[in-house]
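Below is one structure, written out as structure tokens; the observations come after it.
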There are 2 protein chains.
Amino acid sequence: MERLLENSASPQIFGGNAPQLAADPHAYGEKAGEGTRWNPTQEQIGILEMSYRGGMRAPSAQQIEDITAQLSRYGKIEVKNVFYWFQNHRARDRRQKEKRRNSLGLSHM
Amino acid sequence: MERLLENSASPQIFGGNAPQLAADPHAYGEKAGEGTRWNPTQEQIGILEMSYRGGMRAPSAQQIEDITAQLSRYGKIEVKNVFYWFQNHRARDRRQKEKRRNSLGLSHM
DNA sequence: GCAAATTAATGATTTATTCAAG
DNA sequence: CTTGAATAAATCATTAATTTGC
């Protein structure tokens with residue numbers, strides 16, 4: 001499906017060099033260690049969630065870099081992974097809340 | 001903060017009798033079977049937001065009346081509710097946007 | 001127990017918006 | 001009115017959990 005990726009959903013935070021990742025199922029394992037998506041460790045997830053619960057929602061470029069540096073202690077990670085993590089977490093958190101809100105009886109009348 | 005509400009924020013749209021609307025937080029709900037504020041249903045919110053996203057920002061008196069008529073299908077509502085909804089929604093959007101902008105330089109470590 | 005098959009989570013991309021420069 | 005900057009929403013794609021048949 002060749003995503004081709006024109007890097008649109010990211011500010012100048014990670015410089016615009018979008019990674020060209022392997023859409024081809026055969027492409028893993030052999031080569032240059034590239035093409036697999038970031039797979040966060042438990043420590044990384046823990047730190048990210050603590051930050052989020054502590055109120056961090058849309059960290060600045062600087063904050064993202066700091067977090068990335070901290071997380072890289074526990075495994076390979078890039079700035080864009082942290083950026084995406086917050087984006088996805090916000091969106092999914094919000095969707096859960098909406099769901100909850102709807103499930104409370106608000107539909108009478 | 002004494003707003004006292006000189007009906008400055010409302011055009012001739014609802015007949016000059018600006019609803020007296022409680023600048024005072026305590027003023028709702030207590031009185032004679034009237035006075036509870038509008039509590040929009042999910043359908044009403046959905047329609048309003050669709051209108052807003054469709055580009056409607058400061059609807060004319062006629063447009064407001066049309067919308068009110070449409071929304072009244074889903075629950076009790078008045079023209080002033082619609083007028084205020086747009087006013088508040090514009091302001092809220094603007095504020096959220098500002099906040100996001102600020103968060104780029106903001107750090108609160 | 002163990003993989004293949006299926007489903008659930010979640011990382012990464014694309015699309016549609018927003019406000020407000022110009 | 002048009003465009004720049006920056007998402008958030010929606011979607012796509014891949015990985016992990018799990019279910020299932022042996």
Side-chain angles (χ1 to χ4, degrees), chain A residues 1-53 55-65 67-72 74-103, chain B residues 42 45-59 85-108:
Chain A
M1 272 69 175
E2 288 298 332
R3 271 332 19 200
L4 248 315
L5 170 352
E6 183 83 359
N7 90 338
S8 54
S10 48
Q12 271 81 328
I13 292 178
F14 41 90
N17 58 346
Q20 195 90 310
L21 56 90
D24 178 1
H26 300 79
Y28 322 11
E30 314 296 313
K31 256 318 190 49
E34 223 41 82
T36 58
R37 72 182 197 184
W38 172 54
N39 197 8
T41 67
Q42 280 308 115
E43 289 100 333
Q44 289 174 333
I45 293 172
I47 292 168
L48 287 166
E49 284 184 342
M50 293 240 294
S51 301
Y52 191 88
R53 282 181 195 154
M56 189 174 283
R57 287 291 179 282
S60 68
Q62 185 55 59
Q63 288 175 311
I64 288 178
E65 286 184 27
I67 293 168
T68 304
Q70 189 186 354
L71 295 184
S72 68
Y74 304 101
K76 191 180 175 194
I77 188 171
E78 292 173 65
V79 163
K80 66 177 183 178
N81 302 130
V82 174
F83 178 80
Y84 290 148
W85 189 91
F86 275 94
Q87 231 179 208
N88 282 319
H89 207 72
R90 280 200 304 273
R92 283 158 184 161
D93 190 42
R94 187 165 182 283
R95 237 192 325 177
Q96 277 312 102
K97 273 177 184 164
E98 288 286 324
K99 216 171 200 177
R100 269 175 232 138
R101 204 163 77 91
N102 286 346
S103 76
Chain B
Q42 284 302 118
I45 291 172
I47 291 168
L48 287 165
E49 286 183 342
M50 293 239 294
S51 302
Y52 191 88
R53 283 181 189 169
M56 190 173 281
R57 286 294 178 282
W85 187 92
F86 277 94
Q87 196 167 252
N88 286 323
H89 204 71
R90 285 197 304 272
R92 183 161 64 94
D93 271 3
R94 199 160 40 241
R95 249 177 274 129
Q96 283 179 347
K97 211 62 180 184
E98 292 284 323
K99 212 171 202 173
R100 275 174 223 138
R101 277 193 196 335
N102 289 345
S103 86
L104 279 186
L106 192 166
S107 41
H108 111 255

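A note on names: the letters A, B, ... follow the listed sequences, proteins ahead of strands, and every chain is numbered from 1. What's counted below: heavy atoms across the whole structure, side chains too, no hydrogens, waters or symmetry copies.
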Between CD of B:Glu49 and P of C:dT18 the distance, given in whole Å, is 11 Å
What one should report as the nearest heavy-atom pair of A:Trp38 and A:Lys76 is CD1-O, 3.5 Å
The reported gap from CZ in A:Phe86 to CD1 in A:Ile64 (rounded to nearest 0.5 angstrom) is 7.5 Å
### A:Glu65 (side chain) donor-acceptor with A:Gln62 (main chain) under 3.5 angstrom
no
Rounded to whole Å, CD of A:Gln87 lies from C1' of C:dT14 at a distance of 11 Å
Next on the checklist: Does C:dC19 have its OP1 or OP2 closer than 4.0 Å to a side-chain nitrogen or oxygen of B:Tyr52?
Outcome noted: yes
Here the gap from B:Glu49 atom CD to B:Tyr52 atom OH, rounded to the nearest 0.5 Å, amounts to 10.0 Å
Rounded to whole Å, the CE-C1' distance (B:Met50 to D:dA9) equals 15 Å
Rounded to whole Å, CD of A:Glu78 lies from C1' of C:dA12 at a distance of 12 Å
Please enumerate all protein N or O atoms sitting under 3.5 Å from an N or O of nucleotides 8-11 of chain C, with distances to 0.1 Å.
unit_1: C:dT10; atom_1: O2; unit_2: A:Arg37; atom_2: NH1; d: 3.3
unit_1: C:dG11; atom_1: N7; unit_2: A:Arg92; atom_2: NH1; d: 2.9
unit_1: C:dG11; atom_1: O6; unit_2: A:Arg92; atom_2: NH2; d: 2.6

query: Quick one: is C:dC19 close enough that its OP1 or OP2 comes under 4.0 Å of any side-chain N or O from B:Arg57?
result: yes
Between its two end axes (five pairs each) the helix from C:dG1-D:dC22 to C:dA20-D:dT3 turns, nearest 10 degrees, through 30°
Between the CG atom in A:Asn39 and the CG atom in A:Asn81, the distance rounded to the nearest 0.5 Å is 10.5 Å
To the nearest angstrom, the CG-C1' distance between B:Asp93 and D:dA6 comes to 14 Å
| message | Using only atom types and a distance under 3.5 Å, with no angle test, would you say the side chain of A:Arg90 pairs donor to acceptor with the backbone of A:Arg57? | response | yes
Check: Given B:His89 and B:Leu48, is the side-chain contact (heavy atoms from CB on, under 4.5 Å) satisfied, shown in steps?
Finding: CA-CA 10 Å; B:His89 204 71; B:Leu48 287 165; over 6 Å; no
In whole angstroms, the gap separating C1' of C:dT17 from CZ of A:Arg90 amounts to 15 Å
When rounded to whole Å, the CD to P distance for the pair A:Gln44 and D:dA16 reads 13 Å
Nearest heavy-atom approach of A:Met56 to A:Gln63 is CE-NE2, 3.8 Å
Closest non-hydrogen atoms of A:Glu78 and A:Thr68, given as atom of the first, atom of the second and distance, are C-CG2, 3.7 Å
